[in-house]
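Remember, predicted model here, so these are calculated numbers, not experimental data.
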Amino acid sequence: MKKFITVITICISVFGLQAQELTSPNGNLEMKFSLKENGTPAYQLFYKGEEVIKTSTLGLELQDDSTSLMNEFEISDTKTSSFDKIWTPVWGEQAKIRNHYNELAVTLDQPSTDRKMIIRFRMFNDGLGFRYEFPQQENLVYFIIKEEHTQFAMTGDHTAYWLPGDYDSQEYDYTTSKLSEISSKFDEAWVGNASQTQFSKSAVQTALMMKTEDGLYINLHEAALKEYSLMNLNLDENSLVFESWLTPDAIGNKGYIQAPAVSPWRTIMVSDDATDILASNITLNLNEPNKIEDTSWIKPMKYVGVWWEMITGKSTWNYTDEFPSVKLGETDFENAEPNGKHGANTAHVKEYIDFAAENGFDGVLVEGWNVGWEDWFGHSKDYVFDFVTPYPDFDVEGIQKYAESKGVQMIMHHETSGAIRNYERHLDTAYQFMNTYDYPAVKSGYVGDIIPRGEHHYGQWAINHFLYAVKKAADYHIMVNAHEAVRPTGLRRTWPNLIGNESARGTEFQAFGGSKPNHVTILPFTRLIGGPMDYTPGIFEMDISKINPDNNSHVNSTLANQLALYVTMYSPLQMAADLPENYKRFPDAFQFIKDVALDWDESKYIEAEPGEYITVARKAKGTENWFVGNVNGTTPRTSKIKLDFLEDGKKYEATIYADAKDADYKTNPQAYKITKKSVTSKSTLKLTSAPGGGYAISIFEKE
């Protein structure tokens, strides 16, 4: 498809200007922009003629500025354009992505201050994106944001799938409620975490998924978050108006801007079909194109690792129990007594390397390999890790050579304990260390309160760091999988070495008391809107006490559901998270994890309802093989899946990994059945999913 751009400049006297309209390419969505009588910018959004967002105001309140960028505006210029182009991601859910939108850029003058601001709107077939732009000018150069006042006025008391507003954590289960019930349910939703800061009991996080009584699906989020603070949404429960609420810094300011500059995009996705939300590429399309010229070193990876055994409490990250306090360079680990439970020891890691090689995995992650884990958390400690010094029982060079001999690569682990300043001091040395020992990817972590003290995980300062680490990693040809970092907003298009994030409640919480069984039916509508998640699926032993008798947690999922996650929870970095011995107990089910692809040519979102079920089919890149995944909520459900996405005239063999008749996430999670069927594009499969269950299907072309 050829790119075409049509630009029409309209110069209209501000006295005669009432409103500007912008429609989607297919005509289903319409936005109306206007100025209120006091010069305050405002917009409305309609879908198929029905109001979706009521009149909502726009603007920014500046620190120590009585006028701010709130009102007293006049429209001096408008420009409209259209854009239609197909681009190729380095990796992703599909091989080609269409970026098709109509645009309206409104230039606003503020005569009393002689300042200028542009609000740019882009309308796609599945939603609207808009941002603030601050062009170069004499009277607006450096300024401090006190608050951004972007409104999203709802048309009714919608059902929402929400996380409590927080400056430091997203690791919560989702709460489903009416908008008017958010404040009354907030305390129950806001459970304890390693670092968290609430600010309002009517606040929620994006991406926020909602459903109207008329069956319309609405999603609010942001795209291209950089050099700015993350946006939460604060609800006025009387008017049902959401307003942006930025994350502050240590002294309460919410952003330091130097013009020319732009804000992140604010996004509103709308459809009467939930699968359109899952399929939307708005977030990616609102980000800049890839900035890495040579991407040959960026490769999806499937991995195992020394991790779940520590999460469950079977093993430890720390090498010894002798030291209540550690000072790097002074504490003598060579003569310390090992605790006998340290997971990251050479012999044990080689066992994982053997398992990875035998089963076709690309990498092995090892946590707890570096000194300092005896004293790493909870004391606001700055110099907590150096990222290059191994424990005495971890032979870095020997392990690297052994892995190389087996055709496996090691994945690095950098826990910062929130000490960002310390990490940046060591970053070049740590990345060079990775190059020396052939570690292509790093899992970084930011557990605990941020240092410098008073800063937040989602404030402008930390957000600048997260992107700095990704850019610096690109210099060393390193892929980044950041945990406890800011939620993704599509930056992986620009920096495709950002191959994964956690930034939500992942599998580890199943060993910390469990997650709701329908959690994974909501995440693709919320957290995954911004980018892939390193969810770490593949748990086969749901009773954690069988791994660690002192841990009575239960994984609230069936085994078939765990297989389906490799399809429904998209990521180019996928972990088989359970212990090797548990996979050896179920080799027939483990085959799906070995087979499933990481990178895709096509993705078909077959059926979906947030909180209830999701069914996705994906075609493996460069092949005729398809994989299907279904995850189910708490109600048993039977679905009929048409295989019309298969190529006409070809024959395939489908291997179906399904819940057994008596399967249940709590009482019988390991009950599954595997069947094989010959199928074509004319075939239909009828499959039943248990509570907390699902199914996975591999479909291979017959030779």
Nearest heavy-atom approach of Pro532 to Arg492 is CD-NE, 3.7 Å
Hey, mind stepping through Thr526 and Tyr174 against side-chain hydrogen bond (donor to acceptor under 3.5 Å, both in side chains) and telling me if it holds? CA-CA 10 Å; Thr526 51; Tyr174 282 88; 2.8 Å; yes
Would you call Phe385 and Tyr423 a side-chain contact if the rule is heavy atoms closer than 4.5 Å? no
Salt bridge flag under 4.0 Å for residues Lys381 and Asp375: yes
Passes side-chain contact (heavy atoms from CB on, under 4.5 Å), Trp308 versus Ile539? Steps please. CA-CA 9 Å; Trp308 188 240; Ile539 304 303; 3.6 Å; yes
Is the His477 ring parallel, tilted or perpendicular to the Trp297 ring (thresholds 30°, 60°)? parallel
Could you tell me the separation between the OG atom of Ser503 and the CD atom of Glu484, rounded to the nearest 0.5 Å? 8.0 Å
I'd like to know whether Trp265 forms a side-chain contact (heavy atoms from CB on, under 4.5 Å) with Thr283, so could you lay out the CA-CA distance, the side-chain angles of the two residues, the decisive distance to 0.1 Å, and finally the verdict. CA-CA 9 Å; Trp265 295 90; Thr283 312; over 6 Å; no
Is the Tyr319 ring parallel, tilted or perpendicular to the His342 ring (thresholds 30°, 60°)? perpendicular
Tell me, do Asp475 and Tyr431 make a side-chain contact under 4.5 Å, heavy atoms counted? no
Donor-acceptor pair, distance only, cut-off 3.5 Å: does the side chain of Asn287 make one with the backbone of Arg493? no
Should we say atom NZ of Lys146 is surrounded by more than 12 heavy atoms from elsewhere, each under 6.0 Å from it? no
Taking all heavy atoms of Ala511 and all of Thr312, pick out the closest pair and write down the distance. CB-CG2, 4.1 Å
Beyond-backbone contact of Trp190 with Asp166, side-chain heavy atoms, under 4.5 angstrom: yes
Scanning both residues in full, the closest heavy-atom pair of Thr247 with Gly459 reads CG2-N, 3.6 Å
What closest approach, in Å, do Gln196 and Val191 show between heavy atoms, and which atom pair accounts for it? NE2-O, 2.9 Å
Separation between NE2 of His554 and CG of Asp543, rounded to the nearest 0.5 Å: 6.0 Å
With a 4.5 Å heavy-atom cut-off, do Leu579 and Glu541 have their side chains touching? no
Any chance you could measure Ile268, atom CD1, to Leu208, atom CG, to the nearest 0.5 Å? 11.5 Å
Test Met575 against Trp307 for side-chain contact (heavy atoms from CB on, under 4.5 Å), laying out the working first. CA-CA 10 Å; Met575 185 182 196; Trp307 175 75; 3.9 Å; yes
Could you tell me whether the side chain of Asp438 and the main chain of Gln409 form a donor-acceptor pair under 3.5 Å? no
Please report the interatomic distance OG1(Thr150) to CH2(Trp245), rounded to the nearest 0.5 Å. 14.0 Å
Looking at Glu171 and Arg505, is there a salt bridge between them, counting it only when a charged N and a carboxylate O are closer than 4.0 Å? no
Please check this pair: side chain of Gln510 against backbone of Ser553, looking for a donor-acceptor N/O pair closer than 3.5 Å. no
Heavy-atom side-chain contact between Val204 and Phe242 under 4.5 Å: yes
I would like to know whether Gln562 and Ser557 meet side-chain hydrogen bond (donor to acceptor under 3.5 Å, both in side chains); could you show each step before the answer? CA-CA 7 Å; Gln562 288 290 311; Ser557 162; 3.1 Å; yes
Using a 3.5 Å distance criterion without hydrogens, assess whether the side chain of Ser180 forms a donor-acceptor pair with backbone atoms of Glu237. no
Could you check whether the rings of Phe323 and Phe333 sit parallel, tilted or perpendicular, using 30° and 60° as the cut-offs? perpendicular
Spell out, as yes or no, whether a donor-acceptor pair under 3.5 Å connects the side chain of Glu181 to the backbone of Lys178. yes
Please say which of His465, His456, His457 ends up in a ring-ring contact (aromatic ring centres under 6.0 Å, His included) with Tyr446. His465
Sub-3.5 Å donor-acceptor pair from the side chain of Arg453 to the main-chain atoms of Ser380, do we have one? yes
For Asp534 and Ser571, test the side chains for any donor-to-acceptor distance below 3.5 angstrom and give the result as yes or no. no
What is the minimum heavy-atom distance between Asn370 and Tyr391, and which atoms define it? O-CE1, 3.1 Å
Not counting sequence neighbours, which residues clear salt bridge (charged side-chain N to carboxylate O under 4.0 Å, His left out) with Glu322? List them please. none
With side chains defined as the heavy atoms from C-beta onward, is the minimum distance between Pro452 and Trp461 less than 4.5 Å? yes
With side-chain hydrogen bond (donor to acceptor under 3.5 Å, both in side chains) as the test, would you mind laying out the steps for His348 and Glu309 before giving the verdict? CA-CA 12 Å; His348 191 45; Glu309 60 189 77; 3.0 Å; yes
Given the options Ile399, Thr389, Val371, Phe394 meets side chain to side chain contact (heavy atoms under 4.5 Å, CB included) only with Ile399
Pair Leu225, Val486 - check side-chain contact (heavy atoms from CB on, under 4.5 Å), show working. CA-CA 9 Å; Leu225 172 60; Val486 68; 3.8 Å; yes
Run the side chain to side chain donor-acceptor pair (under 3.5 Å) test against Tyr228 and tell me which residues pass, sequence neighbours left out. Glu148
Check the angle between the aromatic planes of Tyr535 and His519 and answer parallel, tilted or perpendicular using the 30° and 60° thresholds. tilted
For Phe134 and Phe143, take the angle between the two ring planes, folded into 0 to 90°, and tell me which bin it lands in: parallel under 30, tilted 30 to 60, perpendicular over 60. perpendicular
Without swapping roles, check the side chain of Asn253 against the backbone of Gly255 for a donor-acceptor pair under 3.5 Å. no
Could you list the residues that satisfy side chain to side chain donor-acceptor pair (under 3.5 Å) with Asp362, not counting sequence neighbours? none
Rounded distance (nearest 0.5 Å) linking atom CD1 of Ile277 with atom NE2 of His221: 12.5 Å
Is the backbone of Ile463 close enough, under 3.5 Å, to the side chain of Tyr458 for a donor and an acceptor to pair up by distance? no
Between Phe199 and Tyr167, is the ring centroid distance below 6.0 Å? yes
Do Leu246 and Gln460 have side chains that get closer than 4.5 Å, going by heavy atoms? no
Check whether any side-chain heavy atom of Phe186 lies under 4.5 Å from a side-chain heavy atom of Ser202, and answer yes or no. no
When rounded to the nearest 0.5 angstrom, what distance separates CH2 in Trp91 from OH in Tyr570? 5.0 Å
Salt bridge or not for Lys443 and Glu367, using N-O below 4.0 Å? yes
Is a side-chain donor or acceptor of Gln574 paired with a backbone partner of Met569 at a separation under 3.5 angstrom? yes
Is a side-chain donor or acceptor of Thr320 paired with a backbone partner of Asn339 at a separation under 3.5 angstrom? no
Residue pair Gly305 / Val364: nearest heavy atoms and the distance that separates them: CA-CG1, 4.4 Å
